[in-house]
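Read through the structure below, which is laid out as structure tokens, and then see the notes.
So that the names make sense, note that chain A is the first sequence line, chain B the second, and so on, each numbered from 1.
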Amino acid sequence: MNASVHALSGAYALDALDDLERRDFERHLAVCDDCQAEVAGLREAASLLGVELETSPPAAMRARVLADIAAVRPLPPLTHPHGQEPGDLDEASGALPTTPADDEGALAPVVPLRRRFRPAALVAAAAVLAVLGVGSAVVVPQLLEDGPQSQLALSATDRILQAEDREEVVVELDGGIRATLVRSVSVGRALVITENMPLPPDGKVYELWFDDVERGLVPAGVMPAATDQVVLLQGDALRADGVGITIEPEGGSTMPTSEPVVAFDLDPVKA
Amino acid sequence: MDVIRPDAAGAPSLPEGAPDGAPAPDLSSLLRHSARGDQQAFAQLYDAMASRAFGLAVRVVRDPAQAEEVVQEAFLETWRTAARFDPDKGSPTAWILTIVHRRAVDRVRSAEASTRRDTTYHQQNHAVAHDATAEAAQASLEARRVRQALTALTPVQREALELAYFGGYTHTEVATMLDLPVGTAKTRIRDGLIRLRDAMGVGQ
């Protein structure tokens, strides 16, 4: 983490980071008491910017809010006394046993899984991606969901990224290409974050696959064409011992037609 | 009207204390009770904060219907996470407005995700959705203090805060819009907030 990460505290306090920067900064925040204190103070200042903005909402909103809260229990306090950021809505905290206490605060450290490299596939992948060329990494990442989401819940993507039990597997290739798989057992879903990924060739797309322990490779969605993005995988993430990305004809395939350009290994959770 | 301009006329706000002279509600206490499931306490919290929350959401999201959804979701999140509020770490107002603001910005960005957000900076006053009584009377003491504190910031700092906080732009977009070198906007934002924080004597 470079020295200028602290300089993002102001932008973070104003929600002025893109999704990748926010994720990285929140990881840093979990282990930096100085930044936590600074962010808290800058948020106080930020909340003063709108001090003159008072607009009465429609009366019906009050009834809706009170009906909403009547249906839902408040979450219990987190086990960690510091680092409790407003907006850390952790769906898992009510359902799972409390994690062992540590100093990480509300954002627990990710549990890195061992990386089982498949050198042949990765070398081939690097060669393929080198042929495609590495695009510039200035695209703002997009959040993609696979369907309408409840107004009242965090998106699955947010729940995975904030889950205390999230696991990450990182694959790095030449040229600054980076793909990160994030899975949360409690959410039961997984997502992939790509950075500096070259666009697929014309007429082709990148497709995601779960390596299901019983059914083999099952489609998990076609990735939009972007160099930097967060893509939620469709389907159950708990039955897989791997995730792969292949190049497929436009529209995707029901079975992969080529070896994966990126492969992640996971421990299956459900047999 | 640019709400950050230090010399702008102020919108009215609730007089300090209720009109009948009763003390303003103790929001920390209401949050604490809410965390234990006290719906009546939460209703009081809503009554105290709804106009600030909605005012902020409308300013960021623009569309009042979407602002309603943002505020409704934000209050539900406030209810659910009330146990995590630590009065030693910040004020209840900032806690709630932080939740509102984050959701408002997420809403603005997701609504425009399929098209690049317009980062062409227009030197114009945006039409702000005002409460009908916005032009009246006296600003609150706090609002006057904030306007005074903002005179300690440079114009670039004020503009950067405005674009980031009310416009929902990322700091890199703000740099583009203000024709600043990449990475400079985040410094302006941080410096401006620090000055505001120190001038108002909050958050320390």
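- Distance check, rounded to the nearest 0.5 Å: CE of A:M61 to CZ of B:F54 gives 5.0 Å.
- Residues A:E21 and B:K186 have side chains not in contact (no heavy-atom distance under 4.5 Å, counting atoms from C-beta outward).
- Ranking B:A53, B:A50, B:A164, B:S91 against chain A, the residue ahead of the rest is B:S91, based on heavy-atom pairs under 4.5 Å.
- Residue contact with chain A, scored on non-hydrogen atoms closer than 4.5 Å, is absent for B:D198.
- Considering only heavy atoms from C-beta on, A:S9 comes within 4.5 Å of B:R190 through its side chain.
- A distance of 9.5 Å separates CG in B:L193 from CD in A:E38, rounded to the nearest 0.5 Å.
- At least one side-chain heavy atom of A:L42 sits less than 4.5 Å from a side-chain heavy atom of B:I194.
- Interface summary for chain B: among A:A13, A:P58, A:P57, the most heavy-atom pairs under 4.5 angstrom belong to A:P57.
- Once rounded to the nearest 0.5 Å, the distance linking CZ of A:R73 with CZ of B:R36 reads 16.0 Å.
- None of B:L56, B:V146, B:L97, B:L150 except one satisfies the side-chain contact (heavy atoms from CB on, under 4.5 Å) rule with A:L49; the exception is B:L150.
- Interatomic distance, A:D18 CG to B:E173 CD, rounded to the nearest 0.5 Å: 8.5 Å.
- The shortest heavy-atom contact between A:Y12 and B:R102 is OH-NH2, 3.5 Å.
- Counting all heavy atoms, side chain and backbone alike, A:D15 lies closest to B:R109 at O-NH2, 2.7 Å.
- A heavy-atom distance below 4.5 Å is not found between the side chains of B:R145 and A:L48.
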| request: Please lay out, stage by stage, how B:K89 and A:Q36 fare under the test side-chain contact (heavy atoms from CB on, under 4.5 Å). | output: CA-CA 9 Å; B:K89 296 283 161 50; A:Q36 284 179 26; over 6 Å; no
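- Checked against A:L14 for a side-chain contact (heavy atoms from CB on, under 4.5 Å), the options B:I189, B:T98, B:V174 give a single hit: B:I189.
- For a residue to count as touching a neighbouring chain, one of its non-hydrogen atoms must lie under 4.5 Å from one of that chain's; by this rule A:A70 touches chain B with backbone and side chain alike.
- Minimum interatomic distance between B:W79 and A:P74 (heavy atoms only, all atoms of both residues): O-CB, 3.5 Å.
- The nearest pair of heavy atoms linking B:R84 to A:P76 is NE-O, 4.4 Å.
- Proximity of a side-chain donor or acceptor of B:Q39 to a complementary backbone N or O of A:I69 within less than 3.5 Å is not detected.
- Contact of B:S34 with chain A is made through the backbone alone, with heavy-atom distances under 4.5 Å.
- Considering only heavy-atom pairs separated by less than 4.5 Å from chain A, the leading option among B:M200, B:R195, B:E68 is B:E68.
- Of all non-hydrogen atoms in B:V202 and A:E44, the two that sit nearest each other are CG2-CB, 3.8 Å.
- Contact annotation for B:Y165: both backbone and side-chain heavy atoms come within less than 4.5 Å of a heavy atom of chain A.
- Between the side chain of B:R52 and the main chain of A:S47, a donor-acceptor pair closer than 3.5 Å is present.
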